[in-house]
Amino acid sequence: MKSKDYLGSTLKRIEGKGYKAYKDIQGSYDLKDFELYIDYVQGDPFASPTRLRVRVPQKRAGFPQRLFTSRVRRTALEDYLTREFAGAIHRVAKRSRGAGKSGLIFIDPCSQEILERTSMVVTPDYVEARISMGLPAQGRRVLAREAADMFFKELPLLVREALLYETLDSEKIRAHGEGNEDQEYLRGELQKRGLVSFVGNDSILPRKSGASDLPMNREEAVPFTSPRDLEVEVDLPNAGKVKGMGIPSGITLIVGGGYHGKSTLLRAVERGVYNHVPGDGRERVVTLEDAVKIRAEDGRKVEKVNISPFINNLPFHKGTVGFSTEEASGSTSQAANIMESLEMGSRLLLLDEDTSATNFMIRDVRMQSLVSRDKEPITPFIDKVKHLYNDLGVSTILVLGGSGDYFDAADRVIMMDEYCALEVTSRAKEIAHQYQTKRKQEGGEEFGDIIHRIPLKKGLDPTRKGKTKISARGLSSLQFGRQEVDLSMVEQLVDVSQTRAIGDIMYFSAHLIDGKRTLNEVIEITLDQIEKQGLDLLSPFRGQHPGEYALPRKYEIAAAFNRLRTFHTL
Ligand code: ADP
Ligand code: MG
């Protein structure tokens, strides 16, 4: 490890030289209060910025062990420190110091969810921030004095403001960790109580706007209150007793007039697979971790999926046991989305009429009379939803304002009325009794088979023009070699660093694809290795700045495989 003076004199030496001279500062330095690892130096001021790690020994950082003993607490602390670091950059960094990215300091930004990510590492020995920096340039000349300012003034300030326990708000750190722990506990409690989701009283479900995931202002929002019949109480390890709506397993309908808050409730339930930061409004909304939002997605590719539980007798005898298409329709895409989720082991499906194909959801008695069964390839979801639960133990939560045909199948019905949740099951059942639909059951005796597919290496080519090219182009688009994977309809993908991780997981897991393992096994083994060794595992740069990753769920990883147009299975 080199000294601070060494870095200083190297910078002096390269002042005014061509930008490439910056390569000389690569290496590790002892800057007294922290260690600086300059792992990768950018080639020019416009290229992707220089990657460095700032490591503060615990002797100085001083974080008490109890804050990071368990995985869930450590994740929360790392998340908290990442947010603090981002805030400190905002306050401290001067930013523009010349051409291109000159003067920028960057740490992976966090969303409202608390995710395991590579941006910060806390161990018993040190705290380490993995950041990027645009080394200053005038035109393409080194601005070493500005760089020295960043290394010797800004970085120490950032360390002081964001990486030392004594300068941080210990109350907030504690709340962050305990909140994360409570949500994890609550999720475990669901399983034990036969629930699939919990929506805490006083939660703020609506968001600021379609473009913002921040909570709606408290003055405007109607806080959530559980209907009495569904209210449960949970004793959390940190927050103590909390009450809220427990949605039991089985078939749950969310009904109500348009604009009364149905989709907002479902979206919160959907996001409840993740933990949220304090103040988000959804930090008491927790859902089974294997819940999958199902929607129609016409135009997507489908690779040999058994959609026969839902679709049969397509025109021209196109088979549906191993159904493939380059462009699925609304109903076939929705069927494929369900079957793929079941293949990965989901036990809770979430559907919203707003994003479903009508002909996939319902087929009423009049249509049954006009279009005979043998002319209709689709077995609507209404005829399979009970089988899903009875045969496979898979629950469904369904938002539906347009058809009462589901009253017969529902185990319970929740009505949203001016943003208030009411329990209306017995009323719905009475109505179902009073107005019999007379529609014929078309779902057969059982749900049907879930066929596990075996992925092939062929087509998983991460190269473009001879080079490995995997990158996230925003949250919902993944570049994989020459292919662009469209993830815009994968609604539970929440962070661009998850997208980035998914791309590298697809690449990393290729060595597990042997023509025998199923897709589910390949992904599970990979996630298991990540759990043991951390997300750094995905990076080709061992022991260095790994890049920005956040942990994705297996459903979103599978979704990317399934949407890669060159993906093939046995
Ligand atoms: P629906 O699906 O029943 O048509 P939405 O869930 O889309 O209704 O909600 C309609 C509008 O009401 C949205 O703009 C949403 O932000 C707002 N909204 C939803 N829930 C609440 C609430 N609890 N308090 C205030 N506004 C809400
Ligand atoms: Mg809606």
Side-chain angles (χ1 to χ4, degrees), residues 111-113 197-228 230-231 242-247 251-273 276 279-287 291-298 330 334 337 348-362 381-382 385 396-407 410 412-425 427-428 488-492 494:
S111 45
Q112 291 295 95
E113 286 78 20
S197 186
F198 176 90
V199 184
N201 289 345
D202 215 32
S203 292
I204 300 295
L205 308 184
R207 301 292 95 189
K208 207 163 220 129
S209 75
S212 166
D213 203 32
L214 296 172
M216 185 183 272
N217 291 336
R218 276 214 163 246
E219 305 78 67
E220 296 163 47
V222 179
F224 186 83
T225 310
S226 172
R228 180 154 315 157
L230 290 175
E231 191 163 77
V242 297
K243 286 183 180 169
M245 176 171 76
I247 302 180
I251 300 154
T252 303
L253 293 190
I254 300 172
V255 303
Y259 219 71
H260 280 248
K262 304 183 295 297
S263 297
T264 302
L265 172 59
L266 190 78
R267 263 197 299 275
V269 167
E270 223 169 285
R271 289 296 180 98
V273 299
H276 289 90
D280 173 78
R282 299 169 295 187
E283 60 272 49
R284 295 269 184 275
V285 183
V286 167
T287 304
V292 181
K293 174 69 177 290
I294 300 293
R295 59 169 296 159
E297 187 180 351
D298 55 313
Q334 195 158 1
N337 283 343
L348 175 61
L349 305 180
L350 308 172
L351 288 81
D352 191 328
E353 62 181 353
D354 291 351
T355 49
S356 291
T358 307
N359 58 347
F360 182 79
M361 300 306 290
I362 48 176
F381 190 70
I382 190 170
V385 67
T396 299
I397 302 177
L398 190 64
V399 165
L400 204 69
S403 169
D405 282 4
Y406 273 87
F407 291 176
R412 76 206 52 78
V413 184
I414 297 163
M415 180 152 94
M416 293 307 288
D417 182 8
E418 297 181 351
Y419 313 130
C420 292
L422 310 171
E423 216 265 357
V424 296
T425 310
R427 180 88 186 97
S488 54
M489 303 288 154
V490 181
E491 295 182 350
Q492 288 164 297
V494 295

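Order of appearance sets the numbers: ligands from 1, and atoms from 1 within every ligand. Each residue takes its place number in the sequence, starting with 1.
Of all the heavy atoms in R207 and D280, the pair that sits closest is NH2-O, 2.9 Å. When all heavy atoms of P206 and A221 are compared, the pair lying nearest together is CG-CB, 3.9 Å.
Distances between N or O atoms of Y419 and those of ligand 1 include at least one value under 3.5 Å. Remark: ligand 1 and T264 share an N or O pair separated by less than 3.5 Å (distance only, no angle test). Taking only nitrogen or oxygen atoms, main chain and side chain alike, Y259 reaches within less than 3.5 Å of ligand 1. By the 3.5 Å distance cut-off applied to N or O atoms, A221 is not counted among the residues near ligand 1. No N or O atom of M216 sits closer than 3.5 Å to an N or O atom of ligand 1.
A distance-only check finds a donor-acceptor pair linking the side chain of K262 to the backbone of G257 [under 3.5 Å]. When atom types are taken as modelled, the side chain of E423 and the backbone of R228 share no donor-acceptor pair closer than 3.5 angstrom.
Between D213 and R267 there is no salt bridge, since none of the side-chain N atoms of the basic residue sits less than 4.0 Å from a carboxylate O of the acidic one.
At the top of the distance list for atom 8 (O) of ligand 1, counting protein heavy atoms only, stands G261 N, 3.2 Å. When hydrogens are left out, the protein atom nearest atom 24 (N) of ligand 1 is V222 N, 2.8 Å; that is the closest non-hydrogen contact.
Which parts of ligand 1 touch G258 is read off a 4.0 Å heavy-atom cut-off, strictly below it: atoms 4 (O). Shown in contact with G257 at under 4.0 Å from a heavy atom are these atoms of ligand 1, numbered in order with element: 3 (O). For ligand 1, the atoms closer than 4.0 angstrom to any heavy atom of E220 are 25 (C).
Residues F198 and V242 form a side-chain contact, since some pair of their non-hydrogen atoms from C-beta on lies under 4.5 Å apart. Between I247 and L230 there is no side-chain heavy-atom pair separated by less than 4.5 Å.
Under a 4.0 angstrom heavy-atom cut-off, G256 registers as lying outside contact with ligand 1. Within the 4.0 Å heavy-atom shell around ligand 1 one does not find M416.
Note on D354: its N/O/S atom closest to the Mg ion (ligand 2) is OD2.
Around the CD atom of E220, the shell of radius 6.0 Å holds more than 12 heavy atoms that belong to other residues, nucleotides or ligands.
Here P206 has side-chain heavy atoms under 4.0 Å from ligand 1, and that is the only part of it that gets that close.
Between the side chains of H276 and E113, a donor-acceptor pair is found at a separation under 3.5 Å.
Not one N/O/S atom of E353, from backbone or side chain, sits under 2.8 Å from the Mg ion (ligand 2). At least one N/O/S atom of S263, whether from backbone or side chain, sits less than 2.8 Å from the Mg ion (ligand 2).
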Chi angles and distances behind the side chain to side chain contact (heavy atoms under 4.5 Å, CB included) call for V413, Y406: CA-CA 10 Å; V413 184; Y406 273 87; over 6 Å; no
